[in-house]
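Below is one structure; the comments refer to it alone.
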Amino acid sequence: MSENKDFLRSIVEEDLKSGKFNKITTRFPPEPNGFPHIGHAKSICINFGIAEDYKGHCNLRMDDTNPTTEDTKYVEALKDAVQWLGFNWEGNVRFTSDYFDQIHDYAIALIKMGKAYVDSTNEEEMREFRGTVTQAGKRSPFAERSIEENLELFEKMKKGEFKDGEHVLRAKIDMSAANMKMRDPLLYRIRHAHHFRAGNKWSIYPMYDFAHCLSDYIEGVSHSICTLEFENNRDIYNWVLDTLKLTPPRPYQHEFARLGINYTVMSKRKLLELVEGGQVSGWDDPRLPTIAGYKRRGYTAESIITFCEQIGIAKANSMVDVAQLEFCIRDDLNTKVPRVMCVLEPLKVTIVNYEGKEELDASYYPEDVPKEGSRKLPFSKEIYIERDDFIETPPKGYFRLTPEQPVRLKHAYIITCKEVIKDTEGKIIEIKAEYNLASKSGSDSSGIKVKSAIHWVEAKTAKEVEVRLYDRLFKEEAPEGIEDVNPDSLKVIKKALIEPAVINEKPDERFQFERQGYFYADPIDYTDETPVFNKTVGLKDSWGKKKKIPTQSAPKLKKEQIDGEVVAMSESEQALFDQYISLSISYEIANTLARDEKLSHFYKEAYDDFKVQMGDIQAPTSLANIVANEIARELKEKNELKCTPKQVSELAKMIDDKTISNKIAKQVFEEMLKSGDNPAQIVKAKGLIQISDPSEISPIIDEIIAKNPENVEKFKAGNTKLLGFFVGQVLKATGGKANPQVVNKLVAEKLK
RNA sequence: UGGGGUAUCGCCAAGCGGUAAGGCACUAGUUUUUGGUACUGGUAUUCGGGGGUUCGAAUCCCUCUACCCCAUCCA
C-alpha cells in the first residue's frame with residue numbers, strides 16, 4: 001500500500017491501533033432502484049478495498065426499505081457490477097428487508113423507552129411544525145401519547161389497519177435542534193405496497209435513518225462509509241445506536257466526497273431521465289457512465305479500478321476530468337490488445353504499377369508490446385486508405401500523402417501519388433499511385449524517407465463492418481439536463497472496411513484500430529453478417545490538437561476578495577479590549593481575547609497571578625499570546641482544560657525571564673495539558689533548559705552539515721529556504737532545547 | 001439566514017510547525033513503419049483573502065470570503 005493513505009484508511013488504522021476494533025467490516029449498501037454507475041464503482045473500491053487491505057470483509061447489502069421504487073432487476077445489475085469489478089462479498093447478498101423483524105423490535109424498544117411516538121399529523125402540517133433552518137420547530141401534540149397508546153397504535157399500523165400516511169412513528173429527539181435531521185425524524189411510515197422480497201408481509205417500512213444504522217449494527221459493521229450528503233444524518237445514526245444501548249461494538253459512520261466527472265451526469269434521477277427519454281438506448285448505452293455502459297463500451301474492470309485509485313478519496317466536492325478516465329483505459333489496453341487496420345472513411349487508391357496479389361506478414365503487436373501473434377495481410381493494386389490521409393494542398397506540418405509527399409502503407413510499401421481523380425463536383429474519388437518494389441516493409445532498400453505510415457485495407461478482401469463512434473454525451477462540462485446533450489455523441493459508420501483477419505480469425509474482442517483508437521466487438525449486436533465495433537476511446541491525437549486554433553485564454557486574474565464587515569464589539573467587550581491595549585497587548589491579540597468570554601475570563605485569572613509575581617513593570621504580552629493562541633485551541637477542541645490559569649501565568653513568566661524559549665514553552669504546554677503538572681516541574685524533570693552557548697551548538701551543526709552534503713550544495717546554489725531545514729534538524733537533534741535564534745545565526749554563518 | 005462540511009497548479013490529490021509529493025492535462029525534446037507507446041526535461045517563490053503567534057506557518061490562533069449539504073412519509 002502506498003504510504004500516502006487516504007483519510008478513511010487512516011481512521012481504520014487508528015481504530016485498529018487503539019483497539020476500538022480488532023476486525024474491520026465494511027459494507028457496500030446500494031438501494032436497488034437504479035443501475036450502478038462509476039460513482040458506485042468508487043464506493044465499491046473503497047469499501048471492498050479497505051476490507052481487503054485490512055484483512056476484514058465487506059458485505060453487499062441491498063438497502064431495500066422503499067418498496068415503491070425498488071426492483072429485483074437492479075439487484076442483479078448491482079451484483080453483476082461488484083463481480084465484474086472483481087470483488088467478493090462476504091457470505092450471501094444481504095438485504096435490509098431480512099432485518100425487518102429485528103428493526104421492528106428495536107422500534108418497540110424505543111417506544112417503551114418513551115423515545116418514539118406515533119404521530120398522526122398530516123404531511124403538510126408536519127412540514128410546518130418542523131420549522132425552518134433558522135426557526136425552531138414545535139412538537140406535534142401527538143407526542144404526548146402514552147407508551148401504551150403508542151404501542152397499540154404502532155401494532156395496528158403494522159397490522160395494516162390504517163391507510164398510507166395516516167400515522168408515522170417518530171423518534172422523540174429535539175424539535176428545536178439546529179440540525180434539521182434531528183427534529184423528531186420519522187422512523188416508520190405506512191406503505192401498503194408489495195415488496196419485491198418481503199412480499200405483502202409488511203404494511204409499514206422503516207426509514208433509511210432507522211434501518212441503516214441498525215442493519216450495520218446487526219451485520220457487525222465497524223466502519224460505515226457513505227457520501228458527504230449524509231453528514232447531517234450521522235447524528236441520528238449515533239442517536240439510534242446510543243439510545244438503544246446496544247451491546248458493543250457498534251459501527252461508526254464516515255463520509256467521503258462522491259465522484260463527479262465532467263461532461264456527464266451521475267445522479268440516478270438524471271440517468272433515468274436519459275434512459276426513459278430515449279436520449280440513449282438503455283442503461284447499458286456506451287455513452288452512459290453506468291457500469292453496464294462502460295462494460296459495453298469496452299472498458300476493462302482493471303481500468304476502472306485504476307481510475308478509482310488514481311482519483312483518491314477526500315472530503316472536497318470535486319469534478320474529475322474525463323481525460324483521467326480515458327488515460328486509464330488507454331493505458332490498460334495499450335499493452336493488451338492486437339493492432340489491426342480499419343478504414344472508416346475509405347478513399348480508393350489504385351497502384352498502377354502493381355500487378356497480381358500477395359500476402360504480407362504483419363505482427364499484431366508493435367515492438368514495445370511484449371506479446372506474440374501475427375496475421376496475413378492481403379495486398380493488391382486496389383486498396384482503400386482513410387480519406388483524410390490524403391490532402392491535395394496540405395497545411396504546414398502534414399505528414400501524410402500529398403501529390404508531392406510519399407507515404408508508407410503500414411506493413412507494406414511506400415507509395416507516391418501520381419494522379420488525383422475527382423467527380424463532377426470536385427470531390428476526390430480516387431488516387432492513382434505508384435509503389436516502390438524495394439520499399440517492402442521489413443526489407444526496405446529503397447532509401448526513400450517518408451514522414452509517416454498510414455493504415456489501409458485491400459479492396460477485394462476487406463470486410464464491411466459497422467463502427468459506432470462515441471463522443472461525450474453532453475456538450476457542457478457541468479450539464480444541467482437533456483438540453484445540454486451533445487447531438488453528435490453517436491456517429492454510426494455503417495460501412496467501414498476492416499482487414500479480413502479480424503473477422504475470420506477473431507483474435508480478440510478488443511482491438512486497436514491502428515492510428516484511431518480502441519474498439520470493442522459489441523457483445524449484443526455483433527453478428528457474423530454485420531460485425532459491430534464500439535469505439536472505446538480514441539488514441540491521443542497531437543496532430544488533431546495542433547490543427548485546432550489554440551484558444552487564447554485570457555491571463556487569469558486573481559479573483560478579487562471582498563472583505564465582509566466584522567461584527568462590532570459589545571460594550572463590555574470594548575471595555576476589555578481597551579484595557580488590554582493599555583497593557584501593551586497587541587491589537588489582534590486583544591481583539592481575540594476580548595471577543596471570547598472564556599478566553600478573557602481565563603486571561604483575567606492568569607493575569608491576576610502574573611501581576612502579583614511580576615508587578616506592573618512586565619507587560620503581559622507572552623501571557624496574552626499563549627491564551628489567545630494555545631488556550632484558544634484547547635478550548636475549541638475540548639471543553640475542559642487540565643491546566644490552570646496560574647500555571648499558564650508561570651509558563652509566561654519563564655518565557656519572559658528567558659529561562660525557556662518559545663519552542664520549549666510549546667513542549668511544556670503540551671505536557672501541562674497531559675499531566676496537569678506545574679511548568680517548573682516539567683522543565684526540571686525533562687531538563688528543558690535552553691542551550692544558548694554557541695560552543696555547545698556548533699559541533700551539532702557541523703555534524704548535520706556533514707550528513708547533508710546535497711542540501712548544503714543546494715543552499716549554496718541559492719535555495720535559501722533550506723536554512724529552515726538545517727535549523728529544524730539541529731533543533732530536533734537537541735530535543736528542541738537549542739536556542740533557535742542562536743542556531744539560525746550559526747547555521748547561516750557556517751553555510752556561507 | 002441556523003447547523004454541518006470544504007477550499008493546496010487547468011483537473012484530481014499528498015502534506016499534520018522545518019526543502020510545496022504524485023497522477024491527469026499542458027509543453028519541449030529523444031526514440032518510433034501508429035502524429036500511438038516509451039523515455040528525458042519544463043511547468044505552485046506559494047497553499048481562498050487579510051491579520052496574528054513563532055527563529056521558521058499550507059500546517060497553530062483570529063477574522064473575512066466563496067462553494068456544497070440539510071426544512072421527502074427518498075436513500
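From a predicted model like this one, the values you see are computed outputs, not experimental measurements. Basis for what follows: all heavy atoms, side chains included, without hydrogens, waters or symmetry-related copies. Letters A, B, ... mirror the listed sequences (proteins, then strands); counts begin at 1.
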Counting Watson-Crick and G-U wobble pairs only, both distances under 3.5 Å, name the nucleotide matched with A44(B), or none.
-> none

Please confirm whether any donor atom in the side chain of N711(A) sits under 3.5 Å from an acceptor in the base of U19(B), or the reverse.
-> yes

Out of G5(B), G3(B), C73(B), which nucleotide sits closest to the side chain of R191(A)?
-> C73(B)

Nucleotide of C61(B), G52(B), U33(B) approaching S441(A) most closely (side-chain heavy atoms) = U33(B)

Answer yes or no: side-chain N or O of Q324(A) and base N or O of G23(B) forming a donor-acceptor pair under 3.5 Å.
-> yes

Do N629(A) and G52(B) have a side chain to base donor-acceptor pair shorter than 3.5 Å?
-> yes

By ring-ring contact (aromatic ring centres under 6.0 Å, His included) - contacts of F7(A) (at least two apart) = none

Want to settle it: does V320(A) or N744(A) sit nearer the 5' end of RNA chain B, counting the closest nucleotide to each?
-> V320(A)

Collect all protein-nucleotide pairs involving nucleotides 36-40 of chain B in which both atoms are nitrogen or oxygen and the distance is under 3.5 Å.
| unit_1 | atom_1 | unit_2 | atom_2 | d |
| --- | --- | --- | --- | --- |
| G36(B) | OP1 | S542(A) | OG | 3.0 |
| G36(B) | N1 | D368(A) | OD2 | 3.1 |
| G36(B) | N2 | D368(A) | OD1 | 3.4 |
| G36(B) | N2 | D368(A) | OD2 | 3.4 |
| U37(B) | O2' | N334(A) | ND2 | 2.9 |
| U37(B) | O2 | D368(A) | OD2 | 2.3 |

Quick one: does R515(A) reach the base of U34(B) with a side-chain donor-acceptor pair under 3.5 Å?
-> no

Side-chain heavy-atom pair I173(A), P185(A) within 4.5 angstrom cut-off = yes

Proximity to the side chain of M180(A) - top-ranked nucleotide from C55(B), C74(B), A71(B) = A71(B)

Polar side chain donor-acceptor pair, H411(A) to R339(A), under 3.5 angstrom = no

Selection from C61(B), U72(B), G2(B) that lies nearest to any side-chain heavy atom of R127(A) | U72(B)

Is there a donor and acceptor pair closer than 3.5 Å between the side chain of E231(A) and the base of G5(B)?
-> no

With the side chain of A323(A) defined as its heavy atoms from C-beta on, choose the nearest nucleotide among C62(B), A75(B), C24(B).
-> C24(B)

What nucleotide among U33(B), U46(B), C12(B) has an atom nearest to a side-chain atom of K721(A)?
-> U46(B)

Closest non-hydrogen atom pair between E31(A) and K268(A), with its separation | O-NZ, 3.5 Å

Regarding U59(B), purine or pyrimidine glycosidic angle vs 90° from 0 gives anti

